[in-house]
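Only this structure's heavy atoms are used, side chains among them; waters, hydrogens and symmetry mates stay out.
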Amino acid sequence: PLFRSDKDDVDTFVRMQLESLPQFFPIFIIIISVGQVVAMGVTAYLGSFAPIGLGVDVKNESFSSLVPPYTAHYTHTVPKNMWIGPDGRYLIHIGAKFTPCMREDTKIYAGYAKKYEEESTQGGYGCCIIERESYRAGAYTTLRQCEDEYKGAFQPSEKCAEYVARTGDNILIEFRPCCATITGNCLLTSSDLCDFYEGTFHPEEESCQEVNCLSDVCGMGGLKADANNRSEER
């Protein structure tokens, strides 16, 4: 066993060895730390800040609607972020782990299959022409939606843009696909309502069949839209 004086000699020897070693400036750690701070700042700037705190922030506003009386009150809930930073949708878009972006989520695709089954019994798709007070609006919907919900005139088997090109009628195609949630849900809305939902508006398309909302959400290469991976319309 070492006596106290022997232990002190060993400690002194070890300390001398350590002091004789060359010292290096921690440049690597500093570069990594600065890079992380810059990346966090850029992410927060580009993605804007989510409401700070716990729970959700509820927003209410009125927008144009397809359903009579053609104006409706909408509510949108935004999850708060207690850590002060962007919302979940933006973080997923820039690469945060999110299961539906990594593999086919059975629950989401079961919802798609259920929607396809419902569509098959609704008389097919076509251009629904809706008479407003000051103009005529058009939307690509099913026969049942057009006649029962929107009280419009149905033009089967053609998009509204095709109908306008064929007839020359003055129709405003106001409602187009909006990808409004991180789980791939799609709905026909105006551009203003889609902005209210903080979604992705597709002004070049008329139907949710033509967009893949998970591709919009996932980013970083994302999922590619195809005929078998349509978005769920609601």
What's the shortest heavy-atom distance between Ile94 and Thr43, and which atoms?
CD1-CG2, 3.5 Å
Closest non-hydrogen atoms of Leu193 and Phe63, given as atom of the first, atom of the second and distance, are CD1-CD1, 3.6 Å
When you compare the side chain of Asn170 with that of Tyr135, does any pair of heavy atoms fall below 4.5 Å?
no
Show your reasoning for whether side chain to side chain donor-acceptor pair (under 3.5 Å) applies to His93 and Asp216.
CA-CA 8 Å; His93 190 72; Asp216 291 338; over 6 Å; no
Taking all non-hydrogen atoms of both residues, which atom of Ala44 and which atom of Phe49 are closest, and how far apart?
CB-CZ, 3.7 Å
Count I, L, V, M, F, W, Y as connected when their side-chain heavy atoms are under 4.5 Å apart, and connections chain through other members. Are Met40 and Leu91 then in the same cluster?
no
I'd like to know if the side chain of Arg176 reaches the main chain of Pro203, judged simply by a donor and an acceptor atom lying under 3.5 Å from each other, with no hydrogens or angles considered.
yes
Could you walk me through whether Val211 and Cys179 pass the side chain to side chain contact (heavy atoms under 4.5 Å, CB included) test, one step at a time?
CA-CA 9 Å; Val211 300; Cys179 299; 4.3 Å; yes
Heavy-atom check, side chain of Ile173 versus side chain of Glu206, under 4.5 Å:
yes
Could you go through the side chain to side chain contact (heavy atoms under 4.5 Å, CB included) check for Tyr74 and Asn60 one step at a time?
CA-CA 6 Å; Tyr74 294 90; Asn60 298 281; over 6 Å; no
Smallest separation among heavy atoms of Asn81 and Pro86, with atom names
ND2-O, 3.1 Å
Asp169 and Tyr163: side-chain donor and acceptor closer than 3.5 Å?
yes
Nearest-0.5 Å distance that lies between atom CG in Asp105 and atom CE in Met102:
12.0 Å
Any side-chain heavy atom of Ile129 sitting closer than 4.5 Å to one from Ile171?
yes
Scanning both residues in full, the closest heavy-atom pair of Gly124 with Phe154 reads O-CZ, 3.7 Å
Spatial distance of atom OG1 (Thr189) from atom CG (Leu66) [nearest 0.5 Å]
9.0 Å
Please check if Trp83 and Phe98 belong to a single hydrophobic cluster, counting links between Ile, Leu, Val, Met, Phe, Trp and Tyr side chain heavy atoms closer than 4.5 Å.
no
With clusters defined by side-chain heavy atoms of hydrophobic residues (ILVMFWY) lying less than 4.5 Å apart, directly or transitively, does Phe175 cluster with Phe201?
no
Please tell me if the side chains of Val78 and Pro51 come closer than 4.5 Å, counting only heavy atoms from C-beta onward.
yes
Pair Thr75, Lys59 - check side chain to side chain contact (heavy atoms under 4.5 Å, CB included), show working.
CA-CA 6 Å; Thr75 299; Lys59 300 190 296 182; over 6 Å; no
Indicate, with yes or no, if Val34 and Ile31 share a hydrophobic cluster defined by side-chain heavy-atom contacts under 4.5 Å among Ile, Leu, Val, Met, Phe, Trp and Tyr.
yes
So, Cys128 with Cys146, SGs under 2.5 angstrom?
yes
Compute whether any side-chain donor of one residue and acceptor of the other, for Asp57 and His76, lie under 3.5 angstrom apart.
no
Is there a donor-acceptor contact under 3.5 Å from the side chain of Glu147 to the main chain of Arg144?
no
Minimum heavy-atom distance Arg132-Ser64, with the two atoms named:
NH1-OG, 3.4 Å
Check: Gln36 side chain, Ser33 main-chain N or O, donor-acceptor pair, under 3.5 Å:
no
Between Gln17 and Ser20, do the side chains contain a donor N or O and an acceptor N or O under 3.5 Å apart?
no
Quick one: are Arg89 and Glu198 in side-chain contact, heavy atoms under 4.5 Å?
no
Passes side chain to side chain contact (heavy atoms under 4.5 Å, CB included), Thr181 versus Tyr197? Steps please.
CA-CA 8 Å; Thr181 70; Tyr197 280 135; over 6 Å; no
Would you check if the distance from the ring center of Tyr140 to the ring center of Tyr125 is below 6.0 Å?
yes
Between Cys178 and Cys186, is the disulfide (SG to SG under 2.5 Å) condition met? List the steps.
CA-CA 6 Å; Cys178 172; Cys186 176; over 6 Å; no
With the side chain counted from C-beta on, respond yes when Lys159 and Cys127 share a heavy-atom pair under 4.5 Å apart, and no when they do not.
no
Hey, are the side chains of Tyr90 and Leu46 touching, using non-hydrogen atoms and a 4.5 Å cut-off?
yes
Working to the nearest 0.5 angstrom, can you tell me the gap between Cys208 SG and Asn185 CG?
9.5 Å
Nearest 0.5 angstrom please: Glu174 CD to Asp192 CG, how far?
8.5 Å
For the side chain of Glu104 and the backbone of Pro100, is there at least one donor-acceptor N/O pair under 3.5 Å apart?
no
Would you say Thr141 and Glu149 make side-chain contact, with heavy atoms under 4.5 Å?
no
Phe196 with Leu187, same ILVMFWY side-chain cluster at under 4.5 Å:
yes
